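Since the model is a prediction, treat every value here as computed from it, not as a measurement. FYI, the numbering just counts along the sequence from 1.
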Amino acid sequence: MTLTDRLWMDRALEEARAAEAAGDVPVGAVVVTAGQVLASGRNRREVDADPTAHAEVVAIRAAAAALGSWRLEGCTLYVTLEPCAMCAGAIVLARLPALVYGAADPKAGAVDSLYDLCRDERLNHRVEVTRGVGSDASAALLRRFFRAKRARSRGDGDVATLPEPGGVA
């Protein structure tokens, strides 16, 4: 992990917080090229009523539009949570050379946890993967979100009284 990775992951965490504020699962992503953010995305499944509106897909679509090309060569995707199978597939198809992610996803992660789609030698493109950048902050944000969601579904009162986990500003 480099300081640069940490800085870009902080930007992805800002997107995750914006997703949470909109009522979506707090996952954020940024696509970076030549030291600049090319595009960003956050989970928008609830907002858009779209099961494919994961942060990674939103960011990849925006980056492709900005470049005018579906090939995101020379770009790095930073995302706060290990991508699922759909998103890992999109990463490979977009020809992204590098992926940096925060928290592991033991239930749906398709980069390290359940599958290794980004480095599968049977595919025509492989991605360099860096994991665990900002994992504590990413995991804390997700835990807080789901804790509050469970409290609301149980009718436990004002979720604003739940304590903030450490590491999440």
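Here Leu99 contributes atom CG and Thr76 contributes atom OG1; the two are 9.0 Å apart, rounded to the nearest 0.5 Å. Expressed to the nearest 0.5 Å, how far CG of Leu123 lies from CG of Leu117 amounts to 7.0 Å. To the nearest 0.5 Å, atoms CD (Glu15) and CG (Asn43) are separated by 10.5 Å. Put simply, CZ on Arg17 and CZ on Arg144 are 8.0 Å apart, with the number rounded to the nearest 0.5 Å. Here the CG-CG distance, from Leu72 to Leu96, works out to 4.5 Å after rounding to the nearest 0.5 Å. Remark: Ile91 CD1 to Leu77 CG distance equals 5.0 Å, nearest 0.5 Å.
Annotation: side chain of Val100 is not in contact with side chain of Trp8 (no heavy-atom distance under 4.5 Å). In this structure, Leu7 and Arg11 have side chains that are not in contact, with every pair of non-hydrogen atoms separated by 4.5 Å or more. You'll find the side chain of Cys87 reaches within 4.5 Å of the side chain of Val57, heavy atoms only. Between Asp24 and Arg42 the shortest side-chain heavy-atom distance does not fall below 4.5 Å. Proximity of Arg45 to Asp50: side-chain heavy atoms (C-beta onward) are nowhere separated by under 4.5 Å. Residues Thr80 and Leu141 are not in side-chain contact: their nearest non-hydrogen atoms beyond the backbone lie 4.5 Å or more apart.
Between Ser135 and Gly102 the shortest heavy-atom distance is CB-O, 3.5 Å. Between Gly74 and Pro97, the shortest heavy-atom distance links the atoms N-CG, 3.6 Å. Annotation for Val58 and Gly41: closest pair CG1-CA, 3.8 Å, computed over non-hydrogen atoms. Of all heavy-atom pairs spanning Ser138 and Leu13, the tightest one is OG-CD2, 3.6 Å. Residues Ala39 and Ala63 share a closest heavy-atom pair of CB-N, 3.4 Å. The minimum heavy-atom distance linking Cys84 with Glu56 is given by the pair N-OE2, 4.4 Å.
Cys75 pairs in a side chain to side chain contact (heavy atoms under 4.5 Å, CB included) with only one of the listed residues (Val31, Ile60, Val32), which is Val31.
Annotation for Val47: hydrophobic cluster partners, listed by chain and number, are none (ILVMFWY side-chain heavy atoms under 4.5 Å, direct or chained).
Judged purely by atom type and a 3.5 angstrom limit, Glu82 uses its side chain to pair as donor or acceptor with the backbone of Val111. Between the Glu128 side chain and the Ala98 main chain, no donor and acceptor come within less than 3.5 Å of each other.
Both Val27 and Val129 belong to a common hydrophobic cluster when Ile, Leu, Val, Met, Phe, Trp and Tyr are linked at side-chain heavy-atom distances under 4.5 angstrom. Placement of Tyr78 and Tyr101 in two distinct hydrophobic clusters is found when ILVMFWY residues are connected by side-chain heavy-atom separations under 4.5 Å, directly or transitively. There is no path of hydrophobic side-chain contacts, each under 4.5 Å, that joins Leu93 to Leu38. Note: the hydrophobic cluster containing Met9 does not contain Phe145 (ILVMFWY, side chain heavy atoms under 4.5 Å, direct or indirect links).
Take Phe146 and apply the side chain to side chain contact (heavy atoms under 4.5 Å, CB included) test, not counting sequence neighbours, and it matches Val25, Leu142, Lys149, Arg150. Residues satisfying the salt bridge (charged side-chain N to carboxylate O under 4.0 Å, His left out) test with Asp112, not counting sequence neighbours, are Arg119, Arg131.
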